[in-house]
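Just so we're clear, the structure is a prediction, and the values are computed from it rather than from any experiment. Residue numbers begin at 1 in each chain, while the letters A, B, ... track the order of the sequences.
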Amino acid sequence: MNLVIVESPAKAKTIEGFLGKDFVVKSSYGHVRDLAKKGLSVDVDNAFTPNYEILSDKKKLITELKKLAKKSEMVWLATDEDREGEAISWHLYNVLGLKPEKTKRIVFNEITKPAITKAIENPRDINDDLVNAQQARRVLDRLVGFELSPVLWRKVQPKLSAGRVQSVTVRLIVEREREIENFTPQNSFKVSAYFDVDGTTLKAELNKKFKTAEEAKSFLNECSDSNFSIDKLEKKPGKRTPAAPFTTSTLQQEASRKLGFSVAQTMSVAQRLYESGKITYMRTDSTNLSDTAIKQSKAVISDKFGSDYHKSRNYATKSKGAQEAHEAIRPTNLGVNEAGDDSAQQRLYDLIWKRTIATQMADAKLERTTVTIPVQNRDEVFTAKGEVVKFDGFLKVYVESTDDEHEEDKKNTQGLLPPLKEGQELELQKIDAIERFTHHPPRYTEASLVKKLEELGIGRPSTYAPTISTIQKRGYVVKEDRDGYERKYRHLTLKDSNVKEEEKKETTGAERKKLFPTDIGVVVNDFLIDNFTKILDYNFTAEVEKEFDDIAQGQLEWNKMIDNFYGPFHSNVEDTLEHSERAKGERHLGDDPKTGKPVYAKIGRYGPMVQLGETESEEKPKFASLRKNQSIQQISLEEALELFKLPRELGEFEGEKVSANVGRYGPYVRHQNQFVSLKEDDPMEVNLDRAIELIKEKREQAEKNKIKTFESEPDLQVLNGRYGPYIKYKKKNFRIPKDVEPEELTLEQCMEIIEKGGKSGKGKKKSTKSKTKKSTKAKGK
DNA sequence: CAGTGAGCGAGCTTCCGCTTGACTT
């Protein structure tokens, strides 16, 4: 018997089909061993020796693999052909206690029968240099993460985190926000002329924008006396080529632009398509297509569109630090143009199919026409540009989208122009001069952020989605919609020798699903840049990657490299702990006109807040949390003073006080011990009547959620919650077993469930430990 | 789940990259 170990179970299944009966193919499910979870687990005084432990969820798997390995004549380590894959093989070799003469390392980067057969015929040994490069990568990330994070706990706030990838990712977002804050839009007047050509309209743009309305106006006035005719007509051939096959990053971008998927959603939908064998592996940085896929495309394209539409192409991967352990993301069978179990899968599959097919299709041939129309007695000219597709080629199937939100503003090209010739006189309909404003650089979406990270070589296909989720979980960044605002602009028109000026309104600045830095994100970022400039440098990853490559080439010892890094880094950490001030992001907003006391905005123990008065003074200062849409950077003195007006007393209801305030979970109204969250109402505005209404609503809702109560035990209730029915007993919640009807529960049954201790939530420590099989013993006590 | 913003300082938090399910109060 032969045992083959790959990284993914779906891959194992496919390969098992290619290999004969003598082969058992199993999966390692990724890494099986890692640095121990607790502490550094890197011996910094002893050549940075790593302390590895088997991952807790892999223990069972390892026992199983050990058994199989023992029974096998040969174990084939077939993990991915990159740094991480090599390390997985090395860890497996060690953990399974394999023998050199009974172990072979094989690699293939496409899952096709010829590729696998070839791999089996060409085994090699584990590449220790490559393994060492991975150990260096792993150890460096642990050192950076586990030394920087505690600095933040001490100097900013507990539970924060920093790391080689996440901290630079946050920096991108903070810096973009600053660029936007410092941006002043420039206005100018864009001039467009409309001519009548045999009943159709020809639109032409002026090659100059005017800075002021006066300039634009005088230009329009001069135009009213001008005759217009075509001076030059140029035709040039053009072409467009298809975009490369999908990698993780480009798939995430296009699924975001075309389908509105978040990067996490794209990955989970792709995962399901992969598991059902519809597409190749979805975490890849390679644009390479297998020969079989290229041949298949040719057949499909010739059949569907004719052989004119076919052109074989290979795409070189251009992204920084690509490891190319897999193929590009493509349908496993290009002959299938529809697949997927639900609409999300079907839409994503369709996108992948079209993109892949398009890469093997002919260029689109275009004809670009430029027409020049001078203005008498002026240097400026109008130009009209048209673009006609002569042969659609790949455009028949797929066009890549862009992130540019203001594309319409910029582009000066239309489709087909009416038939024109040089010298032809034109009849003017009207000329518009419309005030336009320059746009600030765009805020990142998840997908455009991934694009940027890939350009910088930061992060890997398997980490783009988790990184974005981490920086949001830590509270550094939020993904939000923001309303736009109304802006006035001037619109001048020349028509029938008459210049008219109008003022119009437009909405601008609205954002959808964009990434914004939070106050804590800004403070942490500034602190890290001040104190750990090197790690926060956009080139840091690229620089260490170069050294990892040297290690992989056998030209550098991995622990020497780490030593060179760690020496200065660690003293930097010590130095910062000792000398740097606590980072609060404090801003002095001005002084309270009533009391003359200073007002500050800063990060407090519980988040962003404002403070009235000095902490050092005898009289205690007043504090108030910032509201959800406020930030330390932007809040004004007036807005801060408003915040000190809470809590507000609204009056009495049923003989008890009713007040409004903002707490940890947002604005609320309080009555006795009842807290009612405010959703639409403003705590500054809400009045007693409305508050009473809300209190009554909440009581009704609570009543509705009651499934069952017992007179003899008022502390116990069966309730309907977010995740279905549950039992509430003395402020603790208990899950109801699946086979029980909640309506029919008796008090005795309830008490039994409670005593069994099927407690949900909170008691996490117990539940994780009990998984490791000693649970019965623990309970026995 | 809900007022805080300070101080004793136990014991906790945290990284990146490779893979899938388990399961939420």
Do [X] and [N] share a donor-acceptor pair, side chain to base, under 3.5 Å?
| X | N | result |
| --- | --- | --- |
| A/R138 | B/dC15 | yes |
| A/Y606 | B/dT4 | yes |
| A/T615 | B/dG5 | no |

Check this for me, if you would: do [X] and [Y] make a salt bridge, where the nitrogen-to-carboxylate-oxygen distance has to be below 4.0 angstrom?
| X | Y | result |
| --- | --- | --- |
| A/K58 | A/D34 | no |
| A/R272 | A/D342 | yes |
| A/E543 | A/K546 | no |
| A/K597 | A/D592 | no |

Just checking [X]: base, sugar-phosphate only, or nothing, at a heavy-atom cut-off of under 4.0 Å?
| X | answer |
| --- | --- |
| A/R164 | sugar-phosphate |
| A/P9 | sugar-phosphate |
| A/T470 | sugar-phosphate |
| A/D80 | sugar-phosphate |
| A/S149 | base |
| A/Q166 | sugar-phosphate |
| A/L148 | nothing |
| A/Q134 | nothing |
| A/S28 | nothing |
| A/G30 | base |
| A/V144 | nothing |
| A/Y600 | nothing |

### Task
Test side chain to side chain donor-acceptor pair (under 3.5 Å) on A/T169 and A/T467 and set out the steps.
CA-CA 8 Å; A/T169 308; A/T467 301; 5.7 Å; no

[X] and [Y]: side-chain donor and acceptor closer than 3.5 Å?
| X | Y | answer |
| --- | --- | --- |
| A/H570 | A/E147 | yes |
| A/Q135 | A/Y52 | yes |
| A/T248 | A/R460 | no |
| A/Y29 | A/S8 | no |

Is the shortest side-chain N/O distance from [X] to OP1 or OP2 of [N] below 4.0 Å?
| X | N | result |
| --- | --- | --- |
| A/Y281 | B/dT19 | yes |
| A/R474 | B/dC15 | yes |
| A/R283 | B/dT19 | yes |
| A/S8 | B/dT20 | yes |

Using whole Å, what does the distance between atom [atom2] of nucleotide [N] and atom [atom1] of [X] come to?
| X | N | atom1 | atom2 | result |
| --- | --- | --- | --- | --- |
| A/R648 | B/dG3 | CZ | P | 19 Å |
| A/E7 | B/dT20 | CD | C1' | 13 Å |
| A/L35 | B/dC18 | CG | C1' | 14 Å |
| A/K58 | B/dG17 | NZ | C1' | 11 Å |
| A/K159 | B/dC15 | NZ | P | 13 Å |
| A/I5 | B/dT19 | CD1 | P | 15 Å |
| A/H31 | B/dC15 | NE2 | P | 16 Å |
| A/Y274 | B/dT19 | OH | C1' | 10 Å |

### Task
Test A/D285 against A/Q323 for side-chain contact (heavy atoms from CB on, under 4.5 Å), laying out the working first.
CA-CA 7 Å; A/D285 51 20; A/Q323 312 224 352; 4.0 Å; yes

### Query
Are A/Y29 and the base of B/dT20 stacked, counting only ring centres nearer than 5.5 Å and planes tilted under 30°?
no

### Query
Is the ring of A/F623 stacked on the base of B/dT4, with centres less than 5.5 Å apart and planes under 30° off?
no

### Message
Please compare A/Y668 and A/K11 by the position of their nearest nucleotide in DNA chain B and report the one closer to 5'.
### Response
A/Y668

### Message
Using the rule side chain to side chain contact (heavy atoms under 4.5 Å, CB included), only one of A/D563, A/D43, A/L40 pairs with A/F48; which is it?
### Response
A/D563

### Query
DNA chain B in dot-bracket, Watson-Crick or G-U pairs under 3.5 Å, [ ] crossing, | other strand?
.........................

### Message
Contact list please: residues 454-467 of chain A against DNA chain B, heavy atoms, distance less than 4.0 Å, in numerical order.
### Response
A/G459, A/R460, A/S462, A/T463

### Task
Using heavy atoms and a sub-4.0 Å distance, could you list which residues of residues 86-93 of chain A are near DNA chain B? By number, please.
none

#### Entry: B/dT13 to B/dG9 separation - C1' atoms, rounded to the nearest Å
16 Å

### Message
Suppose you measure atom P in B/dC18 against the same atom in B/dA22; what distance do you get, rounded to whole Å?
### Response
24 Å

### Query
B/dC16, B/dT19, B/dT13: which one has an atom nearest the side-chain heavy atoms of A/D34?
B/dC16

### Task
Could you work out which one of B/dC18, B/dC15, B/dA2 sits closest to the side chain of A/E84?
B/dC18

### Query
What are the two closest heavy atoms between A/R105 and A/I126, and how far apart are they?
CB-N, 4.1 Å

### Task
Test the A/R142-A/F146 pair against the cation-pi criterion, namely NZ or CZ under 6.0 angstrom from the six-membered ring centroid and within 45° of the ring axis.
yes

### Message
A cation-pi test, strictly: NZ or CZ of A/R171 under 6.0 Å from the centre of the six-membered ring of A/Y538 and no more than 45 degrees from its axis. Yes or no?
### Response
yes

### Query
A/L449 versus A/Y464: any side-chain heavy-atom pair under 4.5 Å?
no

